[in-house]
Amino acid sequence: MVETAPPATAAPNLWEVALAQFDAAADRLNLDENIRVVLRAPKRELIVNFPVRMDKGDIRVFTGYRVQHSVARGPAKGGIRYAPSVDLNEVRALAMWMTWKTALLGLPYGGAKGGVVCEPKALSPGELERLTRRYATEIAIIIGPERDIPAPDMGTGPREMAWIMDTLSQHVGYAMPAVVTGKPLAIGGSEGRAEATSRGVVVVAAAAARHLGFDLAGARVVVQGFGNVGSGVVKLMSQAGARVIAVSDVGGGAYDPAGLDYEKLRRYVQVTGTVAGFAERVSNAELLELPCDILVPAATQNQITATNAPRVRARLIVEGANGPLTPEADAILNDRGVLVVPDILANAGGVTVSYFEWVQDLQEFFWEEAEVNSRLERLMTRAFDTTLALATRERVSLRLAASMLAISRVAESFLVRGLYP
Ligand code: NAD
């Protein structure tokens, strides 16, 4: 295939994007100015610079963040990202989106996010473990089962969550599983958590497709990203009878209009470390412009911009990643009649099953996978239906409707609690 220009030019500041989305929803809600100023400001921001001993014996200082945007509706909740691009504004935006996500799903949480500026692929397992344990210790002053409960995000997974659980447990002298979610099953993880974000994406994709008059069975699906979220989407879309025609990761993409076989792809990635080369090669830029029914960006932010949005040929976009569309791209796609299921709705399955995991840990009573999945499906479907109903009534996008629903719930919690002192 012919190379086209990469999508992103100057990537927008994610925090400005989050604030602009908030302002648009607040305007539409006629939200009181006094409540706006409160909800625009992250409640707590912790920056830590901490030393880690590297394998060669030298010491490097890493920078980490934990931002709690809101704790108005319950403990803060949100993932931890390991990536070179992590900065305070990115973490702030992701924390604010977590507040809206938990409110939209009706979970008794606020919103938080954390991150460490690092390239996890360039660190050995030992270095990653020391980095994770020290970062957990640095942020221990603000996290805890009743205060703020981290979870996986880009560059982290069950292994890192296990190290965090163990570190915090060592501090207190007993096992404290509820301090973090997305853990391995052996230490209080939940059945269904590993695939929860992807399952939620597929549930809302099915509902949105039905709304547009087509079925997942037989639909052509393109997925960007083959990590926690993307790989699960490929698997579950295939199980639902969809034809996944292209998938990519940071190394490039693989395209087969006849459909990719998930099991073969998974084994190929185990050996080679990338999806690139599994079928006809496509770049990430080309992948986003392939003709398809459903496009699931599940890699990272700012992938669809004003430059490539006019060339996107999907009928439906389901945001597995956080912030994959710039605001300009969002407007262009809206005008073109492409239905976009926004991140705070589409990828909320992860935090929903994280909530189930936390409940199970606190009760020390564990559920079977079928129960987890059916509860997840119920909550995701309810959130989708409520958002679609508001969007239809108000004649606004699903993104604006989802933000309006979430913000009005957080605003109400602030109003009924009142201002202290
Ligand atoms: P991950 O690190 O497991 O996987 C990321 C994938 O995207 C990898 O395949 C990587 O190669 C690819 N990728 C990264 N940068 C890329 C680029 N510039 N171009 C193309 N591919 C690229 O991360 P994840 O946990 O799957 O998270 C992916 C997105 O989903 C993020 O935006 C994250 O915030 C969001 N998310 C994750 C969860 C979760 O439960 N893990 C929940 C909600 C939202």
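When a ligand or atom number is given, it counts from 1 through the structure's own listing order. Keep in mind that the numbers below use all heavy atoms, side chains included, and drop hydrogens, waters and symmetry copies. Index from 1, following the sequence. In this text the structure is predicted, and so the values were computed from the model without any measurement.
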| Residue-ligand contact R81/ligand 1, heavy atom below 4.0 Å | yes
| If every non-hydrogen atom of F50 is compared with every non-hydrogen atom of T63, which pair is closest and at what distance? | CE2-C, 4.3 Å
| note | Quick note on ligand 1: atoms under 4.0 Å from a heavy atom of A298 include exactly 28 (C)
| message | Which option wins on minimum heavy-atom distance to atom 28 (C) of ligand 1: G225, P297, A321, A299? | response | A299
| note | Closest to atom 2 (O) of ligand 1 by heavy-atom distance, out of G79, G155, G227, is G155
| With atoms numbered from 1 as shown, which atoms in ligand 1 lie under 4.0 angstrom from a non-hydrogen atom of D249? | 9 (O), 11 (O), 20 (C), 21 (N)
| Can you list every pair that meets salt bridge (Lys or Arg N to Asp or Glu O under 4.0 Å) and has a residue in residues 183-203, with sequence neighbours left out? | K183-E357, K183-D361, E195-R199, E195-K235
| said: For W367, does the six-membered ring have the charged nitrogen or CZ of R375 within the cation-pi criterion, i.e. under 6.0 angstrom from the centroid and within 45° of the normal? | reply: yes
| Going by heavy atoms, is S248 under 4.0 Å from ligand 1? | no
| Any E195 heavy atom less than 4.0 Å to ligand 1 | no
| task | Using a 4.0 Å heavy-atom threshold (strictly under), name the region of V229 that reaches ligand 1: side chain, backbone, both or neither. | result | both
| task | Return the residue, atom name and 0.1 Å-rounded distance of the protein heavy atom closest to atom 18 (N) of ligand 1. | result | T300 CG2, 3.7 Å
| said: I'd like to check whether G230 has a polar contact with ligand 1, where a contact means an N/O of the residue lying under 3.5 Å from an N/O of the ligand. | reply: no
| message | Tell me the closest heavy-atom pair linking S231 and G227, and the distance in Å. | response | OG-O, 2.6 Å
| query | Counting N and O atoms only, with roles assigned by atom type, does the side chain of W358 sit under 3.5 Å from a partner on the main chain of P145, one being a donor and the other an acceptor? | reply | yes
| remark: Residue, atom and distance of the protein heavy atom nearest atom 25 (O) of ligand 1 read N228 ND2, 2.8 Å
| query | Quick one: nearest non-hydrogen protein atom to atom 32 (O) of ligand 1, plus distance? | reply | N322 N, 3.1 Å
| field | Atom indices of ligand 1, in the order listed, that fall short of 4.0 Å to a heavy atom of R193 | value | 40 (O)
| remark: Residue, atom and distance of the protein heavy atom nearest atom 27 (O) of ligand 1 read M154 CG, 3.5 Å
| task | Report yes if some N/O of T197 lies less than 3.5 Å from some N/O of ligand 1; otherwise report no. | result | yes
| Within 45° of the ring axis of F214 and under 6.0 Å from its six-membered ring centre, is that where the NZ or CZ of R315 lies? | yes
| request: Would you check, one step at a time, whether the test side chain to side chain donor-acceptor pair (under 3.5 Å) holds for N373 with E377? | output: CA-CA 6 Å; N373 291 348; E377 202 157 315; over 6 Å; no
| query | Looking at atom 11 (O) of ligand 1, what's its closest protein heavy atom, distance included? | reply | V250 N, 2.9 Å
| message | Using side-chain heavy atoms (C-beta onward) and a distance below 4.5 Å, is V52 in contact with R60? | response | no
| query | Which residue supplies the protein heavy atom nearest to atom 9 (O) of ligand 1, what is that atom called, and how far is it? | reply | F226 N, 2.9 Å
| task | Answer yes when D261 and R267 have at least one side-chain N-carboxylate O distance shorter than 4.0 Å, and no when they do not. | result | no
| Side-chain (E319) to main-chain (D343) donor-acceptor, under 3.5 angstrom | yes
| task | For atom 34 (O) of ligand 1, find the nearest protein heavy atom and state the residue, atom name and distance (0.1 Å precision). | result | D153 OD1, 2.7 Å
| said: Can a donor-acceptor pair be found, under 3.5 Å and without considering hydrogens, that links the side chain of Y109 to the backbone of V351? | reply: no
| said: Give the atom numbers and elements of ligand 1 that come within less than 4.0 Å of a heavy atom of N347. | reply: 43 (C), 44 (C)
| request: Using a strict 4.0 Å threshold on nitrogen-to-oxygen distance, state whether D148 and K77 make a salt bridge. | output: no
